[in-house]
Amino acid sequence: MTSMSLKNLGDVTYYDLNNEINIPVDGQIPLNKDQEALQAFLTENVIPNTKKFDTLRDRFDYLIAGNYVEQQVIDQYPFDFIEDLYSYLKAQSFHFKSFMAAYKFYAQYALKTDDNDYYLENFIDRVAMNALDFAGGDQQLAHDLADEIIHQRYQPATPSFLNAGRARRGELVSCFLIQSTDDMNTIGRTINSALQLSRIGGGVGISLSNLRGAGDPIKHIDGAASGVVPVMKLLEDSFSYSNQLGQRQGAGVVYLSVFHPDIVAFLGAKKENADEKIRLKTLSLGVTVPDKFYELCEQDADMYLFSPYDVERIYGKPFSYVDITTEYDNMVANPDIRKKKLKARELETEIGKLQQESGYPYIVNIDTANRESPIDGRIVMSNLCSEIMQVQTPSTVNNKQEYIQKGTDISCNLGSTNIVNLMTSPDFGHSVETMVRALTFVTDHSDIDVVPSIQKGNQLAHTIGLGAMGLHSYFAKNHMMYGSKDSIGFTSVYFMLLNYWTLKASNEIAKERHETFHNFEKSTYADGSYFDRYTEQDWRPKAEKVQALFKDVWLPSPEDWAALKAAVMQDGLYHQNRMAVAPNGSISYINDTTASLHPIINRIEERQEKKIGKIYYPAPYLDNDTMPYYKSAYDTDMRRVIDVYAAAQKHVDQGMSLTLFMRSTIPAGLYEWKNGRTDKMTTRDLSILRNYAYRKGIKSIYYVRTFTDDNNEVGANQCESCVI
């Protein structure tokens with residue numbers, strides 16, 4: 001076979017054709033140019049550079065001999081089944097709907113020869129490998145899973161989709177949460193864990209709230225402790241050093257309680273004008289915020305920051321595990337706890353200033369997360385994209401770096417429903433059950449032994465995180481304005497359905513295996529109280545528009561929820577956690593849909609790709625009919641975005657990556673508190689939105705992205721390690 005090398009493609013036309021989308025013709029967007037670019041890409045790049053085989057057997061023999069695919073995955077099935085699966089997939093007539101979708105797939109996901117000269121798979125091949133791998137030899141499940149992915153109702157997260165079936169693969173999960181306790185052994189173990197997780201391609205969330213503050217005593221010597229900032233610098237250097245074979249920087253976020261005595265220094269380390277000795281250039285920041293902070297801000301009161309060293313000494317547990325809202329007055333009154341005083345609103349303003357400048361910190365409303373959690377234990381932090389909310393327990397490490405007590409930490413096992421396509425499923429419930437079983441395979445086969453506390457946490461909890469993307473696409477396609485009453489109603493019902501069917505699937509798996517997640521009996525699932533909201537209220541749609549959207553989808557009644565409640569109380573659940581809404585990167589492009597749940601930024605999105613320059617991506621289903629419903633996030637009242645996320649959050653047991661989109665100059669009429677003025681965004685505007693989100697039950701706020709007057713974006717650099 002002869003063909004041009006992928007490294008030397010010669011003259012191509014598809015980039016130019018795609019770029020012509022951005023050049024209006026007679027005042028119209030020439031969307032046809034995207035289809036021309038797609039066809040040119042397939043003709044000029046994909047077809048001549050794809051290795052050809054006479055038979056499917058020849059192809060797999062080549063892939064196994066070359067150590068491209070894992071023979072064990074193939075050997076689980078009779079080969080005639082694999083041939084039948086391929087015949088079915090080909091009969092579905094899959095085709096990419098945009099140039100961006102095809103480009104992203106072949107650039108980032110398609111298996112290539114070792115010399116990078118040829119593609120070894122197309123989309124059907126990658127779908128088949130996902131189905132064969134994650135079905136674990138179950139032929140019916142493999143067929144069902146292939147059906148979900150080829151029709152793009154389900155999309156595994158990037159690490160799963162990319163690595164499924166490959167012989168030389170990375171991990172199937174790539175997002176982790178760990179915590180440090182207040183001693184040098186655990187700090188050292190935490191830094192080593194960050195190095196190891198970054199080495200295998202992971203994005204890492206780390207809680208530092210338990211560390212003593214600067215000036216706290218060490219061995220009873222006052223003023224000896226250096227605080228959290230030096231540890232943050234060590235972590236940033238660790239992520240920079242352990243950079244996945246030089247391909248990309250490691251990525252991490254550190255979380256700190258808003259009541260930690262180092263909180264001001266913690267925020268200050270991210271400022272542009274910070275001293276270079278302490279300035280953090282690549283490390284992300286997150287703040288855990290209990291109810292008490294909002295209360296003190298509302299009262300314009302003083303607030304006290306408490307020594308974690310003293311709090312742990314008195315309460316007998318690390319600082320993160322103390323309920324500050326409940327214990328605040330007792331801690332203020334206790335003379336044995338060192339404390340600092342400042343104005344709550346001054347700290348609130350500092351948070352707003354940094355969000356304007358950098359997009360950080362992420363905000364985790366930690367009491368909301370714990371109050372809504374059905375699981376016994378305490379949530380103390382989140383992950384690199386702020387959507388993972390799971391209980392943890394701390395570890396204790398001795399001088400040999402051995403675990404005296406092995407705690408439980410977290411790995412993120414994610415996948416997304418494509419809302420537009422799942423709403424056309426012939427069997428919504430069976431589709432979701434198939435997705436849950438695929439995710440279950442990943443959690444069962446994830447074994448992160450480089451960090452034993454993560455390994456233990458996964459083995460006990462069996463957690464998964466099924467989410468969603470394409471919400472704005474669905475709204476536009478069905479002529480609903482983002483944030484309208486009907487859009488909020490649809491969102492609530494959709495996520496109620498995901499909740500119902502993931503619970504039902506988890507219950508079925510628990511029944512089949514005679515196994516539940518650890519401490520199921522202590523959860524509100526076990527005593528049935530979790531289900532009261534569904535048995536005491538009918539969540540089926542009331543509005544005619546929303547009823548019409550679900551006319552072909554079975555919806556559970558309170559009686560159906562009562563039956564599910566009884567089944568769960570009897571046989572349990574296999575998964576401690578089931579749902580989480582992550583931000584979406586490449587997988588939303590491959591699915592030709594909008595990312596996650598947030599509004600689009602532009603009707604024609606401009607992406608800067610490192611290898612080829614600018615690529616333009618029209619919003620899915622964009623035409624004259626949908627155009628009015630595709631309003632930019634930057635021109636949308638963020639309270640309406642919060643309303644949509646809040647409707648979903650009622651049914652999501654974990655969290656959601658909610659991004660706020662702000663203009664540095666806010667147009668007149670966008671926010672009522674601006675009194676009709678066009679005005680600069682202020683820290684007060686961000687404070688109003690953070691408080692609004694908190695009162696609507698939002699568990700976390702991810703980035704704050706700001707569109708500046710000089711057409712730049714602040715806070716737009718989402719972490720590629722964690723964006724699924």
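Along the sequence shown, residues carry numbers from 1.
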Could you check, using the six-membered ring where one of them is a Trp, whether W554 and F428 have ring centers closer than 6.0 angstrom? no

Here the pair of heavy atoms bringing G136 nearest to Y77 is N-OH, 3.7 Å

After noting the C-alpha distance and the side-chain angles of Y109 and T158, does the key distance pass the side-chain hydrogen bond (donor to acceptor under 3.5 Å, both in side chains) rule? CA-CA 8 Å; Y109 295 96; T158 285; 2.6 Å; yes

Is it true that T393 and T408 share a donor-acceptor pair across their side chains at a distance under 3.5 Å? yes

Result for side-chain hydrogen bond (donor to acceptor under 3.5 Å, both in side chains) between S492 and one of H651, Q649, K650 points to H651

Within 45 degrees of the ring normal and closer than 6.0 Å to the centroid, is that where the cationic atom of R540 sits relative to F550? no

Decide yes or no on side chain to side chain contact (heavy atoms under 4.5 Å, CB included) for Y574 and E515, but give the supporting numbers first. CA-CA 6 Å; Y574 185 72; E515 182 180 359; 3.8 Å; yes

Side-chain contact test, heavy atoms from C-beta onward, threshold under 4.5 Å: evaluate it for D538 versus W561 and give yes or no. no

Could you check whether R533 makes a cation-pi contact with Y530, meaning its NZ or CZ is under 6.0 Å from the centre of the six-membered ring and within 45° of the ring axis? yes

Considering residues, nucleotides and ligands other than Q72, do more than 12 of their heavy atoms fall under 6.0 Å from its CD? no

Using the rule given for side chain to side chain contact (heavy atoms under 4.5 Å, CB included), can you reason through S320 versus S207, listing the C-alpha separation, both sets of side-chain angles and the distance that settles it, and then say yes or no? CA-CA 9 Å; S320 290; S207 173; 3.8 Å; yes

Going by heavy atoms in the side chains, are S425 and H430 under 4.5 Å from each other? no

Do E171 and N163 come close enough that some side-chain heavy atom pair is under 4.5 Å? no

Side chains of S453 and S395, donor plus acceptor under 3.5 Å: no

Could you give me the CA-CA distance, side-chain angles and deciding distance for L503 and F531, then say whether side chain to side chain contact (heavy atoms under 4.5 Å, CB included) is met? CA-CA 11 Å; L503 282 164; F531 296 92; 3.9 Å; yes

Do NZ/NE/NH1/NH2 and the carboxylate oxygens of D133 and R166 come within less than 4.0 Å? no

Interatomic distance, OG@S529 vs CE@M569, rounded to 0.5 Å, equals 8.5 Å

Give a yes or no on whether a salt bridge exists between K565 and D527, defined as a side-chain N under 4.0 angstrom from a carboxylate O. no

Do I410 and Q392 have side-chain heavy atoms sitting under 4.5 Å apart? yes

Is the shortest heavy-atom distance from the side chain of Y525 to the side chain of D653 under 4.5 Å? yes

So, do T417 and M469 sit near enough that their side-chain heavy atoms are less than 4.5 Å apart? no

May I ask you to check whether E387 and Q654 show a side-chain donor-acceptor distance below 3.5 Å? no

Could you tell me if the side chain of E312 sits less than 4.5 Å from the side chain of K317, heavy atoms only? no

No-hydrogen, no-angle side-chain donor-acceptor test under 3.5 Å, N421 and Y154: no

Parallel, tilted or perpendicular: which one describes the rings of Y362 and Y702, with boundaries at 30° and 60°? tilted

Residues F517, H575; criterion ring pair (Phe, Tyr, Trp, His ring centres under 6.0 Å); working and verdict: CA-CA 6 Å; F517 67 80; H575 310 90; 9.0 Å; no

Look at the aromatic rings of F123 and F105 and report parallel, tilted or perpendicular, splitting at 30° and 60°. perpendicular

Tell me if the centroids of the rings in F490 and Y474 come within less than 6.0 Å of each other. yes

For F319, enumerate each residue passing the ring-ring contact (aromatic ring centres under 6.0 Å, His included) test, keeping only those at least two apart in sequence or located in another chain. none

Will you find, in the side chains of Q155 and N591, an N or O donor that is under 3.5 Å from an N or O acceptor? yes

Minimum side-chain heavy-atom gap Y589-Q108 below 4.5 Å: no

L145 and A131: which non-hydrogen atoms are nearest, and at how many Å? CD2-CA, 3.8 Å

Please report the closest heavy-atom contact between G252 and L283, naming both atoms and the distance. O-CD1, 3.5 Å

As a quick check of understanding, evaluate side chain to side chain contact (heavy atoms under 4.5 Å, CB included) for I642 and Y645, giving each step before the final call. CA-CA 5 Å; I642 291 167; Y645 273 77; 5.7 Å; no

Lys/Arg N to Asp/Glu carboxylate O, R153 vs D147, below 4.0 Å: yes

Between E512 and R437, is there a salt bridge with N-O shorter than 4.0 Å? yes

